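I have placed the structure first, in the form of structure tokens, so that the comments after it can refer back to it.
This is a predicted model, so every value here is computed, not measured.
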Amino acid sequence: MQKIGVFVCWCGSNIAATVDVKAVAEAMKSEPNVVFATDYQYMCSEGGQKMIQDAIQEYGLNGVVVCSCSPRMHENTFRKTAERAGLNPYMVEIANIREHCSWIHKDMEVATQKAIQLAKAAVAKVRKNAPLTSGTSPVIKRALVIGGGIAGIQTALDVADAGYDVDIVEKSPTIGGRMAQLDKTFPTLDCAACILTPKMVDAAQSEKIDILAYSEVEKVSGFVGNFTVQIRKKARYVDPLKCTGCGECTEKCPSRKGKNEFNMGLDNRGAIYIPFAQAIPKLAVIDPTQCIKLKTGKCGICQKVCSAGAINYEQKDEIIERQYGAIVVATGFKPISLEKFDEYAYAQSQDVVTSLEFERIMNAAGPTKGQLVRPSDGKHPHEIVFIQCVGSRDTSGCGKPYCSKICCMYTAKHAMLVREKYPDVNVHVFYIDVRTPGKNFDEFYRRAVEQYGVDYIKGMVGKVAPIEDGKLLVQGSDLIANEQVKIEADMVVLAAAIEPDPSARSIATMLTASMDTNDFFTEAHPKLRPVESPTAGIFLSGMAQGPKDIPETVAQAGAAASKVIGLLAKDHLVTNPCVASSDELLCNGCSQCEKVCPYGAISYIEKEVRGPGVREVKRIAQVNPAVCQGCGACTVTCPSGAMDLKGFTNSQIMAEVDALCK
């Protein structure tokens, strides 16, 4: 005989303020098979858990329903509680009466009635539950980091320091990411390259780290602890074992019309190039869309001048396959396209630049060797206007609805650097409001205003228009002075919003990881599991998860690494027993379930099937429980109803529906 206990949590006032918890407990006492029902202020506390354990022992409970907050929060807690009392953990069900009742209803009577219905549904499911047993799967002691920016590098270094092998896959010819393009960092104004380059060197010299630059992830299969990944190593047309990085070939290349990606297209590079002086690996790479030899069969100068014999025009892309226990996504960001923002004349004037382009202009290794000059004519500017929130906090549909978080600070940095090096330049900043939430950030912003005399104007810019003498007329509003402002500027710098790297969406699809509407990766829980993806074994690092500055990125990279280390430290993982299974008598071998399975957990075998009046050899589906993640896609696809999901069977779900409809 089934004996079910129901435990209703107050969650302080989170639930009890809107739901009559005592009425819910009292209503459950009259449900079939319920032999015990009670309420408690904090059921997840030590006292609440002991109450559940004592009730299991005293009443011989073989089923438990906890009416509390989301199972995402405490399902594992209550399952462990039941297991300690000798009850199978999968005989525990959670009725979510916080998020589904108290947080969305104001009327106590309505919320209480709904809570009672949800509790009844959970009781109905427990009646259909069956004990499940978890299995184990081995853990491969190797991690993959997708992205070689500061987030990916820091994650890899931390994992490698713990003694585990790590592969960094970076789609660019070198690691370093966006931080390598920066001149100075806020709020300390120290050299970005001076901070980053030692990290890059450490990663290159580590025996535990394998850098796969100029490579992309092609395919991911498997599950937590046992991922199989195919990686495409793109052809460099340069032998990495022979190339010394001397740069002789890059100087002699006659094809020099390619836009220099590292300098944001502000100057040109050759068809064969090394991205920047501190590049790692420091290897030349040939752009096949620009190379005369690869396009026409002529030229070949770089091969002739290469004393090491490293140039190989016959080189092909290579697919390598490796296995990993954990994967970290560190795909980074890019500035948004400004093609929809015609009012700022970005497409009309070379002297309207983005903040990242201005960063390269100010950099000693940039296209102007660090000299502040206008891109259009090389003249020194005397009036510069910075425009904040270009595309950020934009609900019109042209930009992004979120704050990009870093713009206020790097604009203050740019303004200070300009005023420090060029006191003759007047700097104006149009802003909506200044956000300085980090350590020493507000002091940094006030230095720009008080010490360096930067003119901050609270207001929006309506239009930027080229006028005579190469000037730019900036028309905006000063909301504090309540007047219109017109400034004839020599340069305009746009703080463009940032967005996830374009590769993020395809990578998320391969990893079956969740993303939000802005294509940032979604964490498993925004507060309690901020570096974990809802997909087990997938972790998040840096701006792949959302906008953040360098210190926050490095901190998150370390947190992701600690999670990876904790996973790789285990020899075996406990598998989820809520996996699909096939009814051999009903399966007709149609392969529909195999086609929709995102994990490749379903295969087919020929088997003699026996049943009432049945004895035949059939082609039937077979589920690998170690690979299946219990997503349920196969169960809704199966036309014959042969596939079912343990723990969430059709009969269990229908029992809940019936209870709700009574």
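Residues passing the salt bridge (charged side-chain N to carboxylate O under 4.0 Å, His left out) test with Asp469: none are found, sequence neighbours excluded.
For the pair Lys141 and Tyr164, the cation-pi criterion (under 6.0 Å, within 45° of the ring axis) is not fulfilled. In this structure, Lys563 fails the cation-pi test against Phe539, since its NZ or CZ atom is not both closer than 6.0 Å to the six-membered ring centre and inside 45 degrees of the ring normal.
A salt bridge does not link Asp267 to Lys259: none of the charged side-chain nitrogens sits closer than 4.0 Å to a carboxylate oxygen. Ion pairing between Lys413 and Glu359 holds under the 4.0 Å rule for side-chain N and carboxylate O. Ion pairing of Asp519 with Arg505 is present here, as a side-chain N (NZ or NE/NH1/NH2) and a carboxylate O approach within less than 4.0 Å. A salt bridge links Arg232 to Glu218: at least one charged side-chain nitrogen sits closer than 4.0 Å to a carboxylate oxygen. Ion pairing between Glu261 and Arg269 holds under the 4.0 Å rule for side-chain N and carboxylate O. The pair Lys199-Asp202 fails the salt-bridge criterion, with no side-chain N (NZ, NE, NH1 or NH2) lying under 4.0 Å from an Asp/Glu carboxylate O. Asp394 has no carboxylate O lying under 4.0 Å from a charged side-chain N of Lys400, or vice versa, which leaves the two without a salt bridge. Between Asp210 and Arg322, at least one side-chain nitrogen of the basic residue sits less than 4.0 Å from a carboxylate oxygen of the acidic one, meeting the salt-bridge criterion. With respect to Glu552 and Lys405, a salt bridge is recorded, a charged nitrogen being found less than 4.0 Å from a carboxylate O.
More than 12 non-hydrogen atoms from other residues, nucleotides or ligands lie less than 6.0 angstrom from NZ of Lys421.
Here CD1 of Ile150 is found 12.0 Å from CE of Met543. Values are rounded to the nearest 0.5 Å. Here the CE-NZ distance, from Met491 to Lys379, works out to 14.5 Å after rounding to the nearest 0.5 Å. In this structure, CG in Asp549 is found 12.5 Å from OH in Tyr410, a value given to the nearest 0.5 Å.
With hydrogens and angles ignored, the 3.5 Å screen pairs a side-chain donor or acceptor of Asp516 with a backbone N or O of Phe520.
Taking the six-membered ring for Trp, Phe386 and Tyr431 have ring centres at least 6.0 Å apart.
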Query raised in the report: Where do Asp317 and Lys234 land on the salt bridge (charged side-chain N to carboxylate O under 4.0 Å, His left out) test, with the steps shown first?
Result: CA-CA 5 Å; Asp317 289 2; Lys234 293 181 283 188; over 6 Å; no
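Thr185 and Asp190 share a side-chain donor-acceptor pair at under 3.5 Å. Checking Tyr324 against Asp167 by side-chain atom types alone, a donor-acceptor pair falls below 3.5 Å.
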